[in-house]
Protein chains: 2
Amino acid sequence: MALAEAILVCLTEQPMTGYELTKAFDSTVGFFWRTGHQQIYRELQRLKTEGAVDAREVVQNGKPNKLVYTLTPAGRDRLRQWSTIPTERPSARDDMLLKLYALDSVDKDALRQEILMRLDHHRARLDLYERIFGRRYAGKETTTRETGRLMGLKFGMMMERGLIAWCEEALGMLDQLDRTV
Amino acid sequence: MALAEAILVCLTEQPMTGYELTKAFDSTVGFFWRTGHQQIYRELQRLKTEGAVDAREVVQNGKPNKLVYTLTPAGRDRLRQWSTIPTERPSARDDMLLKLYALDSVDKDALRQEILMRLDHHRARLDLYERIFGRRYAGKETTTRETGRLMGLKFGMMMERGLIAWCEEALGMLDQLDRTV
DNA sequence: GTTGCATATGCACATTTGTGCATATAGGCT
DNA sequence: AGCCTATATGCACAAATGTGCATATGCAAC
């Protein structure tokens, strides 16, 4: 149920509707946490019955009415409490590693294509992260909040750089296999 | 349902029982895919009804009888077919990144402890991988099968090295925050 | 004028994964 | 005698997540 915490974390920023949360997820937390709007609405209802958030209906004309959710003190407590318990390391369940493990039972050309696609993706990601870094964090004094986000961003850059290097090496090894066999 | 493929991949090595698969998972695929024996037995049954594996009962005395599962030609086809479809990149749903994102709503000392624990873990892992590398792969001529596993191992080493560097930097940044605030 | 998009919320079903519990035998330890 | 461990398999329930479908309005584009 960590989606609950992801939502609470977003709501520390400001009160939001489910719709806005969906978009916020896309642009921020969504870098590492993808989900559809249905799950967010579902979770918001649960969080409300648990008292971690409050809902307030806002009547609009021209558009459907909306429900603005606010973090309650209980929600804040829950977040802080949650933060004291060590998180389980995420398991790296990557089918691609499975394919590598049984490389001789697998379509190697398809795998090469797949690695190429990943390489593209990771390069684009790294590029994006570096631009965000340059625009928002390079050489500025940092609040606690900003420092945390910078650490997250660096985490992302670290991952992408490693993955890029690995993809390049892996492609080389596949080529080498082709030449020797 | 990628657990199914994880099992099939293991069975390319040799026919095995659910019990042996459980142990095989611990020592090989388990580096990136943890699961309990119950799930393996459950999945084996499904794979059998789907015709991807065959079961053969072996009567033992002293121990309970066992069911040895063998990969069928249909199972081999299924593996190859699966390998041609690009795998979705695994989403990096790490609660720790969430904690970083809301660093000012979070218990920073607990987070520091958590990062320290991770650092320990990643160092131990890297050490283990490097020893496996030295023992099994360093400077040997490589079959297709071994090359694939080497690529997987390098993937692991890449990740651990990146994570170690990140943890060290992150701890430094947390200390810096403590000193300035 | 109708097609498509942005706004806005949600139900219901299915799949995947996790976990507690159950069972059975043999051998070794205390 | 009682308890733990290794071997060996599995059910049943719960939680988390994914996905197809449903609804309603207004505005812009074609």
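Below, chains carry the letters A, B, ... as their sequence lines are ordered, and counting in each starts from 1. Note that the structure is predicted; figures quoted are calculated from it, not measured. Heavy-atom basis, side chains included; hydrogens, waters and symmetry copies ignored.
Taking atom CD on Glu20(B) and atom P on dA8(D), their separation rounds to 7 Å, with Å as the unit. Here dT16(C) presents its P atom at 12 Å from CG of Leu47(B), a figure rounded to the nearest Å. If you measure from atom CD1 of Ile40(B) to atom P of dT17(C), you get 12 Å, rounded to the nearest angstrom. Remark: P of dA15(D) and CD of Glu43(A) are 13 Å apart, rounded to the nearest angstrom. Note: CD (Glu5(A)) to P (dT17(D)) measures 10 Å, nearest angstrom. Note: CD (Glu57(B)) to P (dA8(D)) measures 12 Å, nearest angstrom. The CG atom of Asp26(B) sits 12 Å away from the P atom of dT7(D) (whole-angstrom rounding). Atom pair Lys23(A):NZ and dC5(C):C1' shows a separation of 13 Å (rounding to whole Å applied).
The side-chain contact (heavy atoms from CB on, under 4.5 Å) search around Thr87(B) returns Asp94(A), Asp95(A), Lys99(A), Glu114(A), Arg118(A), not counting sequence neighbours. Glu50(B) meets the side chain to side chain donor-acceptor pair (under 3.5 Å) test with Arg78(B); sequence neighbours excluded. For Arg161(B), the salt bridge (charged side-chain N to carboxylate O under 4.0 Å, His left out) partners are Glu130(B), not counting sequence neighbours.
Judged by closest nucleotide on DNA chain D, Gln60(B) is the one of Arg46(A) and Gln60(B) placed further toward the 5' end. Toward the 5′ end of DNA chain D lies the nearest nucleotide of Gln45(B), the other residue of the pair Gln45(B) and Trp33(A) mapping further downstream.
Arg135(A) CZ to Arg131(A) CZ: the interatomic distance, rounded to the nearest 0.5 Å, is 7.5 Å.
At a threshold of 4.5 Å between side-chain heavy atoms, the hydrophobic network of Ile, Leu, Val, Met, Phe, Trp and Tyr places Leu116(B) and Ile164(B) in one connected group. If you chain together hydrophobic residues whose side chains sit under 4.5 Å apart, Leu128(A) and Leu126(A) fall into the same group.
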Each nucleotide N or O in nucleotides 18-20 of chain D that has a protein N or O under 3.5 Å away: list the pair and distance.
{"unit_1": "dG18(D)", "atom_1": "OP1", "unit_2": "Arg93(B)", "atom_2": "NH2", "d": "3.3"}
{"unit_1": "dG18(D)", "atom_1": "OP2", "unit_2": "Gln39(A)", "atom_2": "OE1", "d": "3.4"}
{"unit_1": "dG18(D)", "atom_1": "OP2", "unit_2": "Gln39(A)", "atom_2": "NE2", "d": "3.2"}
{"unit_1": "dG18(D)", "atom_1": "OP2", "unit_2": "Arg93(B)", "atom_2": "NH2", "d": "3.1"}
{"unit_1": "dG18(D)", "atom_1": "O6", "unit_2": "Arg42(A)", "atom_2": "NH2", "d": "2.4"}
{"unit_1": "dG20(D)", "atom_1": "O6", "unit_2": "Gln38(A)", "atom_2": "NE2", "d": "2.9"}

Distances under 3.5 Å between protein N/O atoms and the N/O atoms of nucleotides 23-28 of chain D, please, pair by pair.
{"unit_1": "dG26(D)", "atom_1": "O4'", "unit_2": "Gly62(A)", "atom_2": "O", "d": "3.3"}

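Residue Thr35(B) forms a side chain to side chain contact (heavy atoms under 4.5 Å, CB included) with just one option from Thr22(B), Asp26(B), Leu3(B), and that option is Leu3(B).
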Below 3.5 Å, can you tabulate the donor-acceptor pairs from side chains in residues 149-157 of chain A to any protein atom, sequence neighbours excluded?
{"unit_1": "Arg149(A)", "atom_1": "NE", "unit_2": "Tyr101(B)", "atom_2": "O", "d": "3.0"}
{"unit_1": "Arg149(A)", "atom_1": "NH1", "unit_2": "Glu13(A)", "atom_2": "OE1", "d": "3.2"}
{"unit_1": "Arg149(A)", "atom_1": "NH2", "unit_2": "Glu13(A)", "atom_2": "OE1", "d": "3.1"}
{"unit_1": "Arg149(A)", "atom_1": "NH2", "unit_2": "Tyr101(B)", "atom_2": "O", "d": "3.2"}
{"unit_1": "Lys154(A)", "atom_1": "NZ", "unit_2": "Glu169(B)", "atom_2": "OE2", "d": "2.6"}

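Ring geometry for Tyr41(B) versus His37(B): interplanar angle over 60°, hence perpendicular rather than tilted (30 to 60°).
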